Amino acid sequence: EFLPDVLDRGLLEQVDDWTIGAACRQAAQWRDAALPLPQLPLSVQLAAPGVSDTLVARVLGHVRAAKLGRGALELDITERQLAGQRDADTILRQLHEGGVALAVDDFGSAGPIIGLLRTLPFATVRIERSFVQIAEESNQGFSRTKSVTASVGVKPSTSKPLDERT
């Protein structure tokens with residue numbers, strides 16, 4: 001609740017660092033407890049306003065320290081965090097190559113970034129609720145949404161599967 005009031009990027013990056021570290025430690029505890037849990041990634045949404053050049057080292061450091069496997073951590077990055085950021089592709093590719101799964105969150109909230117979706121290694125696109133509501137007004141809205149995400153090779157995610165809404 002306090003994050004919208006934090007304006008200092010450095011402080012937000014510290015919050016991200018702590019959150020990612022805590023998530024990695026928790027995932028390692030669950031793994032080490034040998035609980036009969038499905039092998040799902042633990043998702044963390046970034047709070048900082050964009051991806052910085054120090055993000056790769058910080059995230060991969062936490063993943064390695066917790067000895068997590070590929071895909072055990074998923075970073076949710078909002079479309080707004082990516083909009084207009086030129087160096088995002090290099091940073092996101094390095095995270096992906098380091099075994100971190102990537103998801104675009106709130107797709108449809110900041111204007112089209114379809115070009116980025118075609119070139120970057122995102123596994124999931126979480127579609128903004130208002131984007132889905134607009135699509136509901138059109139008879140072809142959901143088929144178009146599914147076509148867009150299929151054309152860039154990612155799976156769409158909403159609170160309800162798109163197939164159930166068509």
Side-chain angles (χ1 to χ4, degrees), residues 3 6 9-83 85-110 113-129 132 145-146 148-164:
L3 288 178
V6 178
R9 180 186 180 108
L11 186 56
L12 288 170
E13 287 178 355
Q14 290 176 17
V15 169
D16 283 344
D17 191 49
W18 180 88
T19 304
I20 292 165
C24 289
R25 288 188 298 278
Q26 182 62 64
Q29 287 177 349
W30 286 333
R31 177 201 62 221
D32 295 344
L35 298 172
L37 297 173
Q39 295 297 317
L40 299 173
L42 188 57
S43 292
V44 174
Q45 185 165 9
L46 296 179
V51 294
S52 71
D53 55 353
T54 63
L55 183 66
V56 175
R58 290 183 290 123
V59 170
L60 296 183
H62 288 301
V63 169
R64 289 181 188 124
K67 299 178 181 156
L68 298 180
R70 292 187 71 75
L73 177 68
E74 178 181 76
L75 289 184
D76 287 358
I77 303 164
T78 67
E79 187 177 31
R80 289 184 194 280
Q81 289 168 313
L82 294 174
Q85 189 169 346
R86 290 182 239 198
D87 58 347
D89 58 343
T90 302
I91 294 164
L92 297 175
R93 284 184 199 288
Q94 291 172 346
L95 287 167
H96 176 72
E97 290 166 6
V100 177
L102 301 170
V104 173
D105 200 10
D106 295 338
F107 179 80
S109 66
I113 62 160
I114 292 176
L116 275 178
L117 293 180
R118 288 182 185 208
T119 61
L120 294 174
F122 289 104
T124 303
V125 174
R126 291 191 179 86
I127 301 169
E128 168 66 25
R129 184 179 314 259
V132 173
T145 302
K146 287 168 60 175
V148 166
T149 56
S151 73
V152 296
V154 296
K155 62 182 177 184
S157 175
T158 63
S159 60
K160 188 173 183 183
L162 292 176
D163 289 336
E164 292 180 19

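Keep in mind that what you see is a predicted model, and the values were worked out from it rather than measured.
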For Ala28 versus Ala66, what's the shortest heavy-atom pair and its separation?
CB-O, 3.6 Å

Nearest heavy atoms of Gly71 and Pro41, plus distance in Å
O-CB, 3.1 Å

Sequence neighbours excluded - salt bridge (Lys or Arg N to Asp or Glu O under 4.0 Å) pairs with any residue from residues 11-21:
Arg9-Glu13

Under the rule for side-chain hydrogen bond (donor to acceptor under 3.5 Å, both in side chains), what residues qualify as partners of Thr54, not counting sequence neighbours?
Ser52, Arg58

Check: Val56 and Thr90 side chains under 4.5 Å, non-hydrogen atoms
no

Residue pair Ala23 / Leu42: nearest heavy atoms and the distance that separates them
O-CD2, 3.0 Å

Apply side-chain contact (heavy atoms from CB on, under 4.5 Å) to Gln81 and list each qualifying residue two or more places apart in sequence or on a separate chain.
Leu46, Ile77, Thr78

Can you measure from NE2 (His96) to CZ (Arg70) and round to the nearest 0.5 angstrom?
6.5 Å

Results of side-chain contact (heavy atoms from CB on, under 4.5 Å) for Gln26 - residues two or more places apart only:
Gln29, Trp30

Looking at CG of Leu60 and CG of Leu73, how far apart are the two atoms once the value is rounded to the nearest 0.5 Å?
9.5 Å

For Ala22, side-chain contact (heavy atoms from CB on, under 4.5 Å) partners two or more places apart
Trp18, Arg25

So, using side-chain contact (heavy atoms from CB on, under 4.5 Å) as the criterion, who are the partners of Ala72 when residues are at least two apart?
Leu68

Closest heavy-atom pair, Val100 versus Val63, reported as atoms and distance to 0.1 Å, is CG2-CG2, 4.3 Å

Of all heavy-atom pairs between Arg31 and Lys67, which one has the smallest distance, and what is that distance?
NH1-O, 2.7 Å

